[in-house]
Amino acid sequence: MNDASFSTHRPLRLVGLALLYAAQGAPEGLLYIAVPAWLAEHGVAAEAIGAYISIILIPWSLKLVNGLLMDRLAYLPMGRRRPWLLMAQAIMVASLLILGVRAPEGQDLAYVTIVGFAVNMAAAFQDVAIDGMAIDVVPDKERAQANGFMWGGKTLGIAGSSLANGYIITFYGYGAAAIATAAFVGLIMLVPLLVRERPGERLLPWSAGKVSPQSEAQQLHRSWPIVVTLAKAIGRPTSLIFALAVFVALMSYGLHTSFVPVLAVQELKFSQLDFGHLAAAANLVGGLFGIGLCGWIAGALGQRNALLLALAMTAALQLAVGLIPSAPQSQMMFVIYTVVHALLFVLISVCIYAEAMRMSTPAVSATQFSLYMAVLNLGTSFGAQRFGALKSDFGYEGVFLSAGLASLIAATLFGMAGLLERRALRKA
């Protein structure tokens, strides 16, 4: 393992990226699935749960700042991204431990929100570091498969976390669940501790090693060139429409994230544990689908075509539930919706990430990619904020219809971005 590096060892690269994304998914399973169901079971209002989700998602909308820092500041002897990754994971573990030691009660929403915000701040830095490293070390022809492994790992992490934490919260309390999640993330932290980004680099600041020529060539040492290069890359019409499409697509997902636990626990009378089982099963299937088939589907159809197909199917699913009388009140329909949506969202995510990586310029890859991801998470937060008002005005039928309409609009915008890109290539 001493000479292992992500850039030269393909199996290690794919498995390592999947494990790092699993470590990212574990806190999400706790904060986005187990906690909302726990809050709902303690009688917290739907509007308050939606506000909790929208607030803890805010750090993900600030990823542009993270990307600028990582593109500008790097300790190159240990790699362009790896030191940031190690620091972010250490802070995430510490935040989860703080959350666990306090062991909040069901009505202590303010404390849960504050520490959830801190966990997500660290997770957002970790995410930018992983994605920046993937852009730097994953070959173009491998990106769809790599993103399948990454999103598969994240979805399996969410599944395992939501299932395990559902049990732990039920029998041992919320604090024990936070500590268990911290232990899992700490275990995965061994991967970047033991694996170099590129051959010959230092494992730790005091270890032997030197700066990789590839990292030195890609690194910009002044801020102004980063701003200019980023402005040129982002200012293209294709890039702007792509970013808008990402925002709208994830607005639909933000709605989904907010209403699913509330609908399950407060309306359909699932227990928190039963809902945890369902969410875990859906994410388990989605994770296996991501690792086994998403890369192949994206490669066979093309990333953009696979994305359009997945969004169209998601829109059809959400619109059908909203239009069929009494469908939102059916437990069976809810189970079908949850599993199918999990599969489709993994494919959507894999394709969006692969497309965003393809469109990112190497010199500013962390910044440009994180800008796309900031837009993605801003859309998620915006969608989560709309849940309370939509439910109040139009009921769950209106929520499903709104999510379906957003998915349909996103598919249209992605299609427009692809058309503009093909026209630009023909002119060139």
Side-chain angles (χ1 to χ4, degrees), residues 4 6-7 9-33 60 81-82 85-86 88-89 92-93 96 119-120 122-138 142-165 180-195 197 253 279-299 303 342-354 356-357 369 373 376-377:
F6 288 113
S7 66
H9 198 288
R10 181 174 178 273
L12 183 60
R13 180 168 60 240
L14 292 175
V15 174
L17 289 171
L19 288 173
L20 289 170
Y21 255 69
Q24 187 175 310
E28 293 190 18
L30 174 68
L31 298 174
Y32 303 169
I33 297 175
W60 295 91
R81 316 299 184 188
R82 190 167 150 268
L85 174 57
L86 290 169
Q89 286 192 316
M92 192 191 310
V93 170
L96 286 165
V119 172
N120 274 312
F125 269 96
Q126 173 189 274
D127 183 61
V128 173
I130 297 171
D131 294 336
M133 185 171 68
I135 293 170
D136 287 350
V137 304
V138 175
E142 193 182 292
R143 280 185 178 160
Q145 184 181 24
N147 274 280
F149 270 76
M150 290 158 71
W151 265 96
K154 181 174 182 176
T155 309
L156 290 175
I158 294 172
S161 174
S162 59
L163 179 61
N165 285 324
T181 305
F184 176 76
V185 175
L187 182 63
I188 299 300
M189 192 175 169
L190 292 173
V191 174
L193 272 173
L194 297 176
V195 181
E197 199 169 314
Y253 177 68
N283 283 297
L284 175 63
V285 173
L288 296 174
F289 175 62
I291 292 173
L293 290 175
C294 277
W296 179 83
I297 293 172
Q303 291 165 185
L343 291 171
L344 293 172
F345 186 70
V346 169
L347 182 55
I348 289 169
S349 301
V350 166
C351 294
I352 286 178
Y353 270 57
M357 286 184 178
F369 188 84
M373 296 302 103
L376 179 152
N377 290 290

**Gap separating the CD atom of Gln24 from the CE atom of Met92, nearest 0.5 angstrom** = 7.0 Å
**Request:** Might you work through the side chain to side chain contact (heavy atoms under 4.5 Å, CB included) test for Leu20 and Gln126, ending with a clear yes or no?
**Result:** CA-CA 9 Å; Leu20 289 170; Gln126 173 189 274; 5.8 Å; no
**Asked** To the nearest 0.5 Å, how far apart are CE in Met133 and OG in Ser7?
**Response** 10.0 Å
**Item:** Gap between atom CG of Leu193 and atom CD1 of Ile188 - 0.5 Å precision
**Value:** 12.0 Å
**Message:** Does Ile297 form a side chain to side chain contact (heavy atoms under 4.5 Å, CB included) with Phe289? I'd like the steps, not just the answer.
**Reply:** CA-CA 10 Å; Ile297 293 172; Phe289 175 62; 3.8 Å; yes
**Message:** Give me the atom names and distance for the closest heavy-atom approach of Val185 to Gln89.
**Reply:** CG1-O, 4.4 Å
**Exam field: side chain Thr181 to backbone Ala26, donor-acceptor pair closer than 3.5 Å** = no
**Asked** Between atom CG of Leu284 and atom CD1 of Ile158, what is the distance when rounded to the nearest 0.5 Å?
**Response** 12.0 Å
**Prompt:** side chain to side chain contact (heavy atoms under 4.5 Å, CB included) between Val138 and Phe6: does it pass, once the steps are laid out?
**Reply:** CA-CA 8 Å; Val138 175; Phe6 288 113; over 6 Å; no
**Message:** Would you call the rings of Tyr21 and Tyr353 parallel, tilted or perpendicular, taking 30° and 60° as the class edges?
**Reply:** perpendicular
**Message:** Between Arg81 (side chain only) and Asp131 (backbone N and O only), is there a donor and an acceptor less than 3.5 Å apart?
**Reply:** no
**Message:** Looking at every heavy atom in both Gly186 and Val93, which two are closest together, and how far apart are they?
**Reply:** N-CG2, 3.7 Å
**Message:** How long is the straight-line distance from CZ of Phe345 back to CD1 of Ile352, given to the nearest 0.5 Å?
**Reply:** 7.0 Å
**Message:** Looking at every non-hydrogen atom in both residues, tell me the closest pair between Leu14 and Ala146 and how far apart they are.
**Reply:** CD2-CA, 3.7 Å
**Prompt:** Got a second to check how far Phe184's CZ is from Asn165's CG, nearest 0.5 Å?
**Reply:** 11.0 Å
**Message:** Ignoring hydrogens, what is the shortest heavy-atom contact between Val350 and Cys294? Give both atom names and the distance.
**Reply:** CG2-CB, 4.1 Å
